[in-house]
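Side-chain atoms are counted along with the backbone in the values below, which use heavy atoms only and exclude waters and symmetry mates.
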Amino acid sequence: MTHEHQQALGWTLDPVLLVPLGLALLIYVVGWRRLSKRASSLHRPTLFLSGWTVLTLALVSPLHEAGEKSFTMHMIEHELIMLAATLLLAMSSAGGVLAWGLPRPLRRALGGSWKAPLAALWKRLTEPVTATVVQGVVMWAWHAPLLFNRALESFGWHVAQHACFFLSSLIFWWAMLHPRRGSSGYGVSAACLFATSLIGGALGALMSFSASPWYADYAAMGMSGIGLDPVTDQQLAGLVMWIPGGAVHGLAALALFYKWLKASEGGHALSVH
């Protein structure tokens, strides 16, 4: 990473990023066109396209290269992926549309029994408590100096880091928004979201109160790309994780708790009648 510090910020137009992003968009558009006559509303395409746009901009816009010069900008990139892009994608419930965007042989293959182990794994991972633990472990592990320094020094490790953040947070938001017990499951989702606000907040607080930089590449700069010394830059990054991250998870917890209360009131009314 260090040899790029003096270069002007630009777009990260790497095929490793562009090809999967482009294929995902193409498959979705084809699937949506095939199902458009059956569509009952337009909000889901908007949600998917918004999530895809946020994800793409986070990964390939100059923000990505800015993250190589400033830990704060790197943290903003991560928060966009884990708080905005994956939330929108999970809300879009795009799985069926993506399946319809595949060529017919692949679409037929999706109905085969071979996928049973994968379906079982998905069911396990999208259990709310499991999804919360997985995302928490991924978040803390990748911010440990050993792994984070590797991600700063190697493009391959950086891709792996972002893939882990994306997949774990997508699974997390899916589990929170689609409880298997219907509306009665929103209470568990709300509790998990509140716990996640504490998990991420604790990590952000440690960064904010640390008196020394955690990561060698940022420490070696002397001055970050946004004009801050490495310690202040890390403290600001910690605040970005702590406050906006906690606010998003906290507000989502309140929204789902409200839905759980409404469902409980409806169930109680039915039982009375």
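- For the pair Asp217 and Met221, the tightest heavy-atom approach, listed with the atom from each and the gap, is O-CG, 3.4 Å.
- Under the 30°/60° scheme for interplanar angles, the aromatic rings of Phe71 and Tyr215 are found to stand perpendicular.
- Between Pro20 and Pro15 the shortest heavy-atom distance is CD-O, 3.6 Å.
- A side-chain donor-acceptor contact under 3.5 Å links Ser169 to the backbone of Phe166.
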| task | Show your working on ring-ring contact (aromatic ring centres under 6.0 Å, His included) between Phe165 and His143 and close with a plain yes or no. | result | CA-CA 11 Å; Phe165 285 153; His143 283 94; 5.6 Å; yes
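- With rounding to the nearest 0.5 Å, the separation of CD in Glu68 from CG in Leu63 is 11.0 Å.
- With a 4.5 Å cut-off on side-chain heavy atoms, Leu59 and Glu77 count as touching.
- Grouping the Ile, Leu, Val, Met, Phe, Trp and Tyr side chains by contacts below 4.5 angstrom, directly or via other members, places Val30 apart from Leu25.
- In the hydrophobic clustering of ILVMFWY residues, with side-chain heavy atoms under 4.5 Å counting as a link, Tyr218 and Val240 come out together.
- Atom NE2 in His74 sits 4.5 Å away from atom CZ in Phe148 (nearest 0.5 Å).
- In Phe194, the CZ atom is not crowded: 12 or fewer heavy atoms of neighbouring residues, nucleotides or ligands sit closer than 6.0 Å.
- Taken to the nearest 0.5 Å, the OG1 atom of Thr72 stands 10.5 Å off from the CE atom of Met207.
- How far NE2 of His178 is from OG of Ser93: 3.0 Å, rounded to the nearest 0.5 Å.
- Contact check for Val29 versus Phe48: no side-chain heavy atoms found under the 4.5 Å cut-off.
- Using a 4.5 Å heavy-atom cutoff, the side chains of Ile171 and Gln135 are not in contact.
- Criterion: ILVMFWY side-chain heavy atoms under 4.5 Å apart, direct or through other members. Under it, Trp174 and Val188 are not part of a common hydrophobic cluster.
- A donor-acceptor pair is defined here as one N or O able to donate and one able to accept, closer than 3.5 Å; no such pair exists between the side chain of Ser210 and the backbone of Leu206.
- Put simply, the side chain of Gln161 does not reach to within 4.5 Å of the side chain of Leu147, judged on heavy atoms.
- One N or O on the side chain of Ser50 and one on the backbone of Thr46 form a donor-acceptor pair closer than 3.5 Å.
- With Ser224 contributing its side chain and Asp229 its backbone, the two residues share no donor-acceptor pair below 3.5 Å.
- In this structure, Arg34 forms no cation-pi arrangement with Trp100, as its terminal cationic atom is not both closer than 6.0 Å to the ring centre and no more than 45° off the ring axis.
- At a threshold of 4.5 Å between non-hydrogen side-chain atoms, the residues Leu239 and Gln235 do not count as touching.
- To the nearest 0.5 Å, atom CG of residue Leu17 and atom NE2 of residue His64 are 6.5 Å apart.
- Taking CE from Met139 and CG from Leu203, the interatomic distance works out to 7.5 Å, rounded to the nearest 0.5 Å.
- Residues Leu110 and Leu102 form a side-chain contact, since some pair of their non-hydrogen atoms from C-beta on lies under 4.5 Å apart.
- Residue Met176 is not grouped with residue Leu251 when hydrophobic side chains (ILVMFWY) are merged at heavy-atom distances under 4.5 angstrom, including chains of intermediate members.
- The backbone N or O of Ala216 lies less than 3.5 Å from a partner atom in the side chain of Asn149, making a donor-acceptor pair.
- Looking at Ser70, its side chain never comes within 3.5 Å of a backbone N or O of Ala66 through a donor-acceptor pair.
- Across every non-hydrogen atom of Trp242 and Gly201, the tightest pair is CD1-CA, 3.6 Å.
- When all heavy atoms are compared, the tightest approach of Ile199 to Gly136 is CG2-CA, 4.1 Å.
- Nearest heavy-atom pair across Ser168 and Cys164 is OG-O, 2.8 Å.
- Leu21 and Ile81 fall within a single hydrophobic cluster, where Ile, Leu, Val, Met, Phe, Trp and Tyr side chains are chained together by heavy-atom contacts under 4.5 Å.
- Heavy-atom contacts from other residues, nucleotides or ligands closer than 6.0 Å to OH of Tyr258 number 12 or fewer.
- The two atoms that bring Ala90 and Leu177 nearest to each other are CB-CD1, 4.1 Å, heavy atoms only.
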| request: Please lay out, stage by stage, how Phe172 and Thr86 fare under the test side-chain contact (heavy atoms from CB on, under 4.5 Å). | output: CA-CA 9 Å; Phe172 172 79; Thr86 50; over 6 Å; no
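- Aromatic rings of His249 and Trp173 (six-membered ring for Trp) have centroids within the 6.0 Å cut-off, being under it.
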